[in-house]
Protein chains: 2
Amino acid sequence: MAKLQKSIDKRNALVKATIELVNNNGFHATPMSKIAKMANVSPATIYLYFENKQDLVNKTYVEVKAEYTKYAFATYNETMPVEAGFRLIWNRIADFKLKECENAMFLAQCDNTPMIDELSRQEGIKHLQPLLDLWERGRQEGIIKPLSDYLLYAYAINPLSFLMITQKRGVFTLDKAHLEEAYQSAWSSIKVCQ
Amino acid sequence: MAKLQKSIDKRNALVKATIELVNNNGFHATPMSKIAKMANVSPATIYLYFENKQDLVNKTYVEVKAEYTKYAFATYNETMPVEAGFRLIWNRIADFKLKECENAMFLAQCDNTPMIDELSRQEGIKHLQPLLDLWERGRQEGIIKPLSDYLLYAYAINPLSFLMITQKRGVFTLDKAHLEEAYQSAWSSIKVCQ
DNA sequence: TACATAAAAATGAATGTTCATTCTTTTTTT
DNA sequence: AAAAAAAGAATGAACATTCATTTTTATGTA
């Protein structure tokens with residue numbers, strides 16, 4: 001098992017360097033040589049862990065996306081009432097976007113760009129199922145508007161990406177009070193009135 | 001006036017080619033040679049109209065952003081009541097994102113990427129003022145929640161970008177009914193209840 | 001434990017390509 | 001016929017990837 005012997009630390013350093021450089025310079029301005037340098041590794045070593053640059057970026061995307069959803073659902077279980085469950089997941093996602101800012105920025109960039117292969121993109125979406133199930137339950141109980149999952153995501157979750165990016169640009173700070181306001185807006189947009 | 005003599009058509013073709021190629025391949029995979037080919041122009045000619053590749057992309061961004069806001073406010077005037085004015089602007093923006101899909105996709109990509117210089121980005125934001133003024137009026141009249149402009153934009157406008165991208169990926173179609181639902185979600189998220 | 005050796009991992013330097021940009025010449029416009 | 005615009009080919013740098021070698025690790029033997 002050659003693969004298992006290779007240092008997992010090196011692989012992680014490569015993934016981390018990719019995220020950091022792509023965040024700061026964009027995909028078009030992150031050469032393999034810089035990734036190698038930041039990970040303290042020779043350029044040739046990258047090819048022991050990844051097929052090529054595209055593969056490195058794809059795998060990085062899928063891994064970060066998996067971390068994201070893992071974090072989002074870590075404290076959730078399916079027996080929770082709809083509103084409480086949504087609040088919990090929403091807060092975990094907000095938390096992730098604020099605390100794991102580098103990771104979240106990377107995902108935001110990948111999600112609006114033809115930088116990632118379609119296959120990896122689909123792979124990344126898979127783990128969102130618990131949220132979709134919660135919404136289905138909410139619709140059935142008449143708590144959540146009978147809208148497409150895409151619309152619900154667009155209004156309840158995606159605005160957090162915009163806010164995170166805006167905060168990263170420095171023009172705006174997302175404090176505790178803003179977060180509660182954001183939650184209220186998110187919930188207002190998808191709950192059934194009265 | 002050398003500049004005025006140069007063909008405006010050629011310039012437009014270059015801008016259009018840039019948008020199309022960046023949308024489909026990403027900035028990292030759109031060489032100047034391809035842009036030239038798509039615009040039916042020699043690579044050298046690009047440099048008669050733009051300083052370099054970065055300048056071409058920056059200028060393209062600023063121009064498309066200007067078109068976007070021009071379209072958004074074309075039928076609005078400041079004497080309208082807040083809710084009607086918001087509905088009007090929202091619909092124009094939705095229209096732009098659906099009809100001028102190429103332009104809107106390009107903006108979405110630029111807005112989540114370090115592809116554009118900070119200066120051009122700031123230049124692009126300027127023209128949004130009428131919407132910010134409308135929101136200020138709405139807050140004063142107690143119609144719109146007393147939230148930061150960034151939060152209002154995140155919930156009322158930005159979801160349209162997500163929906164447009166999702167539609168472009170083909171998994172979801174944004175029809176008339178969806179649009180009305182989206183509007184209701186947008187308005188719900190920022191209006192003061194009762 | 002100490003050493004020898006084979007396998008694996010890692011490296012720096014090379015390779016060949018692609019690309020942004022510039023140069024020189026040609027074509028078009030005035 | 002002069003000036004401006006456009007062109008295609010040339011230039012040199014940057015880059016992804018591979019190659020030939022060296023270093024590290026694991027294993028077997030005394």
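In what follows, every heavy atom counts, from backbone to side chain, and hydrogens, waters and symmetry copies are set aside. Note that the structure is a prediction, hence the values are computed from the model and not measured.
Across the protein-nucleic acid pair, A/Ile46 atom CD1 and D/dC15 atom P stand 13 Å apart, rounded to whole Å. With rounding to whole Å, B/Lys37 atom NZ is found 12 Å from D/dG8 atom C1'. The distance between atom CD of B/Glu51 and atom P of C/dT21, rounded to the nearest whole Å, is 10 Å. Rounded to an integer number of Å, the gap from A/Leu14 CG to C/dA10 P is 10 Å. Atom CG of B/Leu48 and atom C1' of C/dT24 are 14 Å apart (whole Å). Per the geometry, CZ belonging to B/Phe27 stands 11 Å off C1' belonging to C/dA20, to the nearest Å. Following rounding to the nearest Å, B/Asn40 (CG) and D/dA7 (C1') show an atom-to-atom distance of 13 Å.
The B/Val41 side chain lies nearest to D/dA7 when the options are D/dA7, D/dT17, C/dT11. With C/dC23, D/dT17, C/dT11 as the candidates, the nucleotide lying closest to the side chain of A/Asn52 is D/dT17. Looking at the side chain of B/Lys10, the nearest of the listed nucleotides C/dT11, D/dA6, D/dG8 is D/dA6. Of the candidate nucleotides C/dT11, C/dT21, C/dA10, C/dT11 has the atom lying nearest to any side-chain atom of A/Ser42. Comparing C/dC19, D/dA7, D/dC19 by their nearest atom to the side chain of B/Pro31 picks out C/dC19.
A cation-pi contact links A/Lys53 to A/Phe27, judged by a cut-off of 6.0 Å to the six-membered ring centre and 45° from its axis. A cation-pi contact, defined as under 6.0 Å to the ring centre and within 45° of the axis, is absent between A/Arg92 and A/Tyr76.
Residue B/Lys53 places no side-chain N or O under 4.0 Å from the OP1 or OP2 atom of C/dT21. Applying the 4.0 Å criterion to OP1 and OP2 of D/dA6, one finds that B/Tyr47 has every side-chain N and O outside that range.
In the model, B/Asp111 has a side-chain atom that pairs as donor or acceptor with a side-chain atom of B/Tyr61 under 3.5 Å.
Here the shortest heavy-atom pairing between B/Ser42 and B/Ala36 reads C-CB, 3.9 Å.
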